[in-house]
S.K.: 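Quick one: the structure is below, questions incoming.
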Amino acid sequence: MIDLHTHSTASDGTLEPAAVVDLAAERKLTALALTDHDTLAGLEAARAQGKKRGLEVVPGVELGIEWSGPGQMHLLGYCFRPDDAGLRERLRWLRDRRRERAQRIVEKLNAVGIAITLAQVEAAAGGEAIGRPHVARALIEAGVVSSIGEAFGRFLSPGRPGYEDKDELTPEQAIQLIRSAGGVAVVAHPVTLKLKGAALEAFLKELVGYGLEGLEAVWSGHSPEQMRELQALADKLGLVTTGGSDFHGDNKPDIQLGAGRHGNVQVPDSVLAALRHRAAVA
Ligand code: AMP
Ligand code: FE
Ligand code: FE
Ligand code: ZN
């Protein structure tokens, strides 16, 4: 079994990249993709640890997408050349925009009387890609809230006083970026698009036109029925189906590496072989 959707301290997970690999080895996984948000910083350490533990580490990344649809779109990239200059440059740009956004979030929180600094948020982030989970951690440490969930509910979700948009790529730009680095693009957790039936199919067809290769049918937040429907839709559109837990360590304590929620994420090795095949022929 494998897990193709995981986060480390390089973005908003709480385990170091090597510790994610160690945990995967303990769970008897044979391969793992680290899919940190907007950064490849964890890849080298994860790969080195994977060599020691006899577990394959696949290059991965997760990108937030600017999109005018009803829900949220995230895109996963796999099997790209990690040293691709265009990809690295674009990810750096996205991380720089994240840092500026963190500053704006801090200013908004200060304006409603929350005493918190960018330095505190950066300390909570530690790694490369600063996000709202790090602001949430800083709010816990400052004694403002007692959990990540409370931080999002009161301050960090859309419509709350500390919310700020993130600069993101369009679907076409993001898919093109992954492809130009030799990789394959997969729509992450498709339920968060909040599209159904014909609207979902039409949107995915548009993405296939840009070079989309896969759909993450198996994910911790999908019901068994949603997984079945997404699998059928992927088959219909000629897309690969992938799966992953979206493990974030203690930032999402109900999600288990290699297992998801109550064991609802089980991904066989054959999924990686299918992805690789796509990457090779793309
Ligand atoms: P950002 O990339 O900074 O917009 O933050 C988005 C990340 O925050 C997601 O990838 C999740 O890891 C996390 N997140 C979003 N909503 C919640 C929530 N309600 N509770 C905990 N974590 C969340
Ligand atoms: Fe995350
Ligand atoms: Fe995501
Ligand atoms: Zn994720």
Side-chain angles (χ1 to χ4, degrees), residues 3-15 17 20 33-39 41-42 60-67 71-78 91 94-106 108-109 118 121-122 124-140 145-160 162-169 171 174 178 185-194 214-222 242-255 257 260-261 265:
D3 193 330
L4 294 177
H5 192 158
T6 70
H7 297 266
S8 76
T9 49
S11 67
D12 58 357
T14 58
L15 291 188
V20 178
L34 207 57
T35 51
D36 277 309
H37 304 284
D38 300 341
T39 181
V61 71
E62 184 172 18
L63 303 170
I65 304 296
E66 186 178 308
W67 176 56
Q72 273 206 352
M73 178 176 173
H74 288 178
L75 190 80
L76 294 160
Y78 294 109
L91 294 177
L94 289 166
R95 294 194 300 274
D96 288 345
R97 301 288 82 71
R98 277 179 171 274
R99 193 168 298 273
E100 291 168 7
R101 169 198 187 223
Q103 173 69 51
R104 297 197 304 273
I105 291 177
V106 166
K108 278 192 156 177
L109 291 171
L118 183 62
V121 174
E122 283 176 332
E128 291 256 307
I130 303 188
R132 287 178 291 160
H134 306 118
V135 182
R137 288 254 160 224
L139 289 171
I140 293 172
V145 297
S146 55
S147 71
I148 301 240
E150 185 188 352
F152 272 88
R154 284 176 60 195
F155 297 109
L156 301 175
S157 296
R160 310 312 298 172
Y163 182 75
E164 272 286 307
D165 272 341
K166 213 166 55 204
D167 285 307
E168 296 171 326
L169 306 179
I178 300 298
V186 173
V187 174
H189 39 70
V191 287
T192 66
L193 295 171
K194 295 201 161 81
L215 209 53
E216 187 182 49
V218 174
W219 178 67
S220 299
H222 288 167
T242 71
S245 63
D246 213 353
F247 176 73
H248 281 72
D250 291 340
N251 276 348
K252 292 191 182 172
D254 55 332
I255 295 176
L257 184 72
R261 235 178 230 133
V265 171

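Whatever order the structure lists ligands and atoms in, that order sets their numbers, starting from 1.
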S.K.: Between H248 and H7, how do the two ring planes meet: parallel, tilted or perpendicular, split at 30° and 60°?
M.R.: parallel
S.K.: Any idea which atoms of ligand 1 are less than 4.0 Å away from a heavy-atom of H248?
M.R.: 12 (O)
S.K.: Check whether any N, O or S atom of H37 sits under 2.8 Å from the Fe ion (ligand 2).
M.R.: yes
S.K.: Just jot down the ligand 1 atoms closer than 4.0 angstrom to any heavy atom of H37, in number order.
M.R.: 10 (O)
S.K.: Which atoms of ligand 1 have any heavy atom of R98 under 4.0 Å away?
M.R.: 2 (O), 3 (O)
S.K.: Which residue owns the protein heavy atom closest to atom 21 (C) of ligand 1, what's the atom, and how far is it?
M.R.: I148 CG2, 3.6 Å
S.K.: Atom 7 (C) of ligand 1: which protein heavy atom is closest, and how many Å away?
M.R.: D12 OD2, 3.6 Å
S.K.: Indicate yes or no for a side-chain donor-acceptor contact from Y78 to the backbone of V186 under 3.5 Å, with no hydrogens or angles considered.
M.R.: no
S.K.: With a 4.0 Å cut-off on heavy atoms, does E62 reach ligand 1?
M.R.: no
S.K.: With a cut-off of 2.8 Å, does H5 put an N/O/S atom close enough to the Fe ion (ligand 3)?
M.R.: no
S.K.: Run T14 and N251 through side-chain hydrogen bond (donor to acceptor under 3.5 Å, both in side chains) and show every step you take.
M.R.: CA-CA 6 Å; T14 58; N251 276 348; 5.6 Å; no
S.K.: Go through D12 and H134 one step at a time and tell me if the side chain to side chain contact (heavy atoms under 4.5 Å, CB included) criterion holds.
M.R.: CA-CA 7 Å; D12 58 357; H134 306 118; 4.0 Å; yes
S.K.: For ligand 1, which atoms, with element, lie under 4.0 Å from some heavy atom of G131?
M.R.: 3 (O)
S.K.: In this structure, are over 12 heavy atoms from other groups packed under 6.0 Å from Q72 atom CD?
M.R.: no
S.K.: Write the atom name of the N, O or S atom in H74 that is nearest the Fe ion (ligand 3).
M.R.: ND1
S.K.: Nearest to the Fe ion (ligand 3), which N, O or S atom of E62 do we find?
M.R.: OE2
S.K.: Using modelled atom types only, decide if a donor and an acceptor are shared between the side chain of S147 and the backbone of E150 within a distance under 3.5 Å.
M.R.: yes
S.K.: Determine, for E128 against R95, whether the closest basic-nitrogen to carboxylate-oxygen distance falls under 4.0 angstrom.
M.R.: yes
S.K.: Looking just at side-chain N and O atoms, do D3 and S245 make a donor-acceptor pair shorter than 3.5 Å?
M.R.: yes
S.K.: D246 and side-chain contact (heavy atoms from CB on, under 4.5 Å): which single residue from R261, E216, H74, K252 fits?
M.R.: K252
S.K.: Can a non-hydrogen atom of H74 be found less than 4.0 Å from any atom of ligand 1?
M.R.: no
S.K.: Are R99 and E122 within salt-bridge range, i.e. N to O under 4.0 Å?
M.R.: yes
S.K.: Please state the angle at the Fe ion (ligand 2) spanned by OD2 of D12 and NE2 of H248: what is it, rounded to 10 degrees?
M.R.: 110°
S.K.: Among all the protein's non-hydrogen atoms, which is closest to atom 6 (C) of ligand 1, and how far away is it?
M.R.: R132 NH2, 3.5 Å
S.K.: Give the residue and atom name of whichever protein heavy atom lies nearest to atom 2 (O) of ligand 1, and the separation in Å to one decimal.
M.R.: K166 NZ, 2.9 Å
S.K.: Run the contact test for K252 against ligand 1 with a 4.0 Å cut-off on heavy atoms, strictly below, and give the result.
M.R.: yes
S.K.: Measure the spacing between CG of D36 and CD of E62 and express it to the nearest 0.5 Å.
M.R.: 9.0 Å
S.K.: Determine yes or no for a side-chain-to-main-chain donor-acceptor pair under 3.5 angstrom, with R101 supplying the side chain and E164 the backbone.
M.R.: yes
S.K.: Judged by non-hydrogen atoms, does P133 sit under 4.0 Å from ligand 1?
M.R.: yes
S.K.: Starting from atom 20 (N) of ligand 1, locate the nearest protein heavy atom and write down its residue, its atom name and how far away it is, to 0.1 Å.
M.R.: F152 CD1, 3.7 Å
S.K.: Which is it for R101 and ligand 1 at heavy atoms under 4.0 Å: side chain, backbone, both or neither?
M.R.: side chain
